[in-house]
Protein chains: 2
Amino acid sequence: MTTAKARPRRSREALAPNPAGARDAASPGGQADSGGGFDAHVADIDYGVLDSLVGYAIRRAQIRIYEDFVQSLAQWHITPPRFSALVIVSRNPHLKLTELARILGIARSGAVLLVDALEEMKLVARRPAPHDRRAYSLVLTPAGRRTLAAATAAVCEHDARVAAALTPQQQDTLRDLLGRLAQPAPATKPDPAGTV
Amino acid sequence: MTTAKARPRRSREALAPNPAGARDAASPGGQADSGGGFDAHVADIDYGVLDSLVGYAIRRAQIRIYEDFVQSLAQWHITPPRFSALVIVSRNPHLKLTELARILGIARSGAVLLVDALEEMKLVARRPAPHDRRAYSLVLTPAGRRTLAAATAAVCEHDARVAAALTPQQQDTLRDLLGRLAQPAPATKPDPAGTV
DNA sequence: TATTGTTATACTCTATAACTATA
DNA sequence: TATAGTTATAGAGTATAACAATA
């Protein structure tokens, strides 16, 4: 019988693209299906506009870097968001959960889960906040400091490896250009006669 | 009673960072909690190594661009992966689902869901493949072509807006540098007598 | 009344594995 | 036996909304 053809296709996600959920999920990768990593340019395929978009170029690079990052820190069970959190807590001790959430750009509930995991891994500790009995003061444990040191070394190696295709000067240029893109952008509307 | 303090913290995600799932989820954003968008650099916060990593610079830029992209295409319910799929199918008609999956770097099952959504939106159609009764041949519908045209215009506007912080020449430079990063990398082990 | 941490719930996206029809 | 599409299931990550304790 018709393998797939004549089958009512129900609406799994259908028409609800952005109401919530993960905003990106940038990285396909070593899944069993599609061979190994991600091919930015499959032979004989016309990518149309995609090849001219700055956004797509960034996406491609991010996918590749993400894969390498995850592999590099797999042994410590440290993912990108966890690494960021560890670094931030390390350099800015005694942050409250709410502050950490804002810095990382995630919801408070997400910060709770993130810190839960880090605390279970014995890398971060919740300590009572000095003058506010509602809040916590986040700090790294001794083990957290050791692990972060090792992980940081691994991340730097990883970053150097990935960026090895560029000269140090080009890397600086790249960081500079990317930094400008990350700016909030002057205004949403071109605005005929001046600024907002 | 102790609001949060004395409560057994169970392991939601605990120690299972990478076995599967979305690889990135790059984008925090307009959530009710953390004010508005993502602040790449919160005042008075020390970002440590993060500021020196090419990977983190890319991530920051990607978050910002992703937010703008989603907003730009919200009216059509077209997300980044959907847009990519439309462009690929448009420029390379008669692809099979498996081929689309490989090009997009996702699992076949993911391609099915993606095409399901696009088909329900009447933008893409599954047609019987000429010489293989198992396979489908993907094509854009007339509505798909019209919508893609409009969406493409919106995406180009979006990209131009986001990249407006750079001169055209800098944009070229950026695309070029990013393109090199996206390369598979010469080898995991170069290094006859050197680093590592 | 506002804020902090928390929990419950839901949604997106993706992956793995098994299954059916066909090659 | 291998491949194309599909389905079921699971998991990570995030968001929203409501709640208790505290400010």
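- Within the structure, a side-chain polar atom (N or O) of Thr98(A) is placed less than 4.0 Å from OP1 or OP2 of dG5(C).
- A salt bridge between Asp116(A) and Arg126(A) is present, with a side-chain N of the basic residue lying under 4.0 Å from a carboxylate O of the acidic one.
- Listed nucleotides: dA17(D), dA4(D), dA17(C). Nearest to the side chain of Ser109(A): dA17(D).
- As a whole-Å value, the separation of Leu113(B) CG from dA8(D) C1' is 11 Å.
- Rounded to a whole Å, the CD1 atom of Ile106(B) is 21 Å from the P atom of dA12(D).
- Using cut-offs of 30° and 60° for the angle between ring planes, the Tyr56(A) and Tyr47(A) rings count as tilted.
- Nucleotide dA15(D) holds its P atom 11 Å from the CG atom of Leu104(A), rounded to whole Å.
- Summary of the strand contacts: Glu99(B) and Gly110(A) both lie near DNA chain D, and taking for each the nucleotide with the nearest heavy atom, the more 5' one is attributed to Glu99(B).
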Is there a side-chain contact (heavy atoms from CB on, under 4.5 Å) between Ile63(A) and Arg59(A) once you walk through the steps?
CA-CA 6 Å; Ile63(A) 289 174; Arg59(A) 182 176 160 75; 4.2 Å; yes
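- Taking 4.0 angstrom as the limit, Arg126(B) places a side-chain polar atom (N or O) nearer than this to OP1 or OP2 of dT6(D).
- Distance CG (Leu95(A)) to C1' (dT3(C)): 17 Å, rounded to an integer number of Å.
- Atom CG in Leu100(A) sits about 14 Å away from atom C1' in dT4(C), given to the nearest Å.
- Distances were taken from every side-chain heavy atom of Val112(A) (C-beta onward) to each of dG5(C), dA17(C), dT14(C); the shortest belongs to dG5(C).
- Minimum atom distance to the side chain of Arg108(B) is reached by dA18(C), of the listed dG5(C), dT7(D), dA18(C).
- Checked against Ser137(B) for a side chain to side chain donor-acceptor pair (under 3.5 Å), the options His94(B), Lys96(B), Arg127(B) give a single hit: His94(B).
- Separating the NE2 atom of His131(A) from the C1' atom of dA21(D) is a distance of 19 Å, rounded to the nearest angstrom.
- For Arg134(B) against dT3(D), a side-chain-to-base donor-acceptor contact under 3.5 Å is present.
- Of the possible donor and acceptor atoms, one in the side chain of Thr141(A) sits under 3.5 Å from a partner among the backbone N and O of Lys122(A).
- For the pair His77(A) NE2 and dG11(D) P, the computed distance is 15 Å after rounding to whole Å.
- Atom CG of Leu97(B) is separated from atom C1' of dT7(D) by 14 Å (rounded to the nearest Å).
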